[in-house]
Trainee: 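This is the structure I want to talk about, given as structure tokens.
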Amino acid sequence: RGTLPGVAHRSLGGRRFAWGEVAWNHPAAIPTPPVPFARRVPLPSTIGVFFAAGVVGGEVGGVPWRATSLVEPVAGLRIDAWGPTIRIDAGVGLRRGTVGVTIDIHPDWWPIF
């Protein structure tokens with residue numbers, strides 16, 4: 001939770017964090033996956049843009065990540081494929097100019113896993 005695509009994975013960490021996101025999604029036609037009976041189930045997909053920002057505080061000793069008091073802003077593109085199944089985020093860190101991509105199950109499933 002709270003991953004910012006465009007900021008190096010696990011480069012930030014600490015005792016406290018704040019994270020927020022604004023997103024705009026639009027319905028998209030993505031081919032149905034080659035799974036038996038998948039064509040009979042409606043699997044709506046969306047594509048959109050997002051802007052996220054996070055800040056981490058409270059240093060922890062002996063770990064590879066660092067806390068920062070700077071807000072790390074990210075802008076990117078998001079695809080939610082086949083209903084709430086898979087989420088693909090591609091973002092660019094607006095402070096550092098780095099690019100990152102994440103592929104994960106949809107956040108609706110996170111409480112189960």
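The structure presented is a predicted model; accordingly, all values stated were derived computationally and were not measured. Hydrogens, waters and symmetry mates play no part in the numbers below; they use all other heavy atoms, side chains included.
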Trainee: Take L70 and V55 through the side chain to side chain contact (heavy atoms under 4.5 Å, CB included) test and state the conclusion after the steps.
Mentor: CA-CA 6 Å; L70 299 173; V55 62; over 6 Å; no
Trainee: Do I88 and F51 share a hydrophobic cluster, counting only Ile, Leu, Val, Met, Phe, Trp and Tyr and linking them when any side-chain heavy atoms are less than 4.5 Å apart?
Mentor: no
Trainee: At what distance, to the nearest 0.5 angstrom, does CD1 of I112 lie from CD1 of I105?
Mentor: 8.0 Å
Trainee: List the atom of L4, the atom of W19, and the distance in Å for their closest heavy-atom pair.
Mentor: CD2-NE1, 3.4 Å
Trainee: Indicate the atoms forming the closest heavy-atom contact of F50 with D89, along with that distance.
Mentor: CE2-OD1, 4.0 Å
Trainee: Is a side-chain donor or acceptor of S45 paired with a backbone partner of I30 at a separation under 3.5 angstrom?
Mentor: no
Trainee: Heavy atoms only: give me the nearest V99-V92 pair and the separation to one decimal.
Mentor: CG2-CG2, 4.2 Å
Trainee: Between W109 (side chain) and P84 (backbone), is there a donor-acceptor pair under 3.5 Å?
Mentor: yes
Trainee: For V60, give me all partners under side-chain contact (heavy atoms from CB on, under 4.5 Å), at least two apart in sequence or on another chain.
Mentor: R15, V63
Trainee: Could you report the tightest heavy-atom contact between V7 and V74, atom names first, then the distance?
Mentor: CG2-CG2, 4.0 Å
Trainee: Would you name the heavy atoms of G100 and P5 that are closest together and state the gap between them?
Mentor: O-CB, 3.7 Å
Trainee: Looking at E59 and R16, is any side-chain nitrogen of the basic one under 4.0 Å from a carboxylate oxygen of the acidic one?
Mentor: no
Trainee: Charged N to carboxylate O under 4.0 angstrom, D104 versus R87?
Mentor: no
Trainee: Quick one: do I86 and I103 satisfy side chain to side chain contact (heavy atoms under 4.5 Å, CB included)? Show the steps, please.
Mentor: CA-CA 7 Å; I86 296 174; I103 300 172; 4.2 Å; yes
Trainee: Using modelled atom types only, decide if a donor and an acceptor are shared between the side chain of T98 and the backbone of G6 within a distance under 3.5 Å.
Mentor: yes
Trainee: Got a donor-acceptor contact below 3.5 angstrom from the R78 side chain to the T46 backbone?
Mentor: no
Trainee: Has the side chain of E72 got a donor or acceptor atom that lies under 3.5 Å from a matching backbone atom of A53?
Mentor: no
Trainee: On a heavy-atom basis, which atom in N25 and which in G48 lie closest, and how many Å separate them?
Mentor: OD1-CA, 3.7 Å
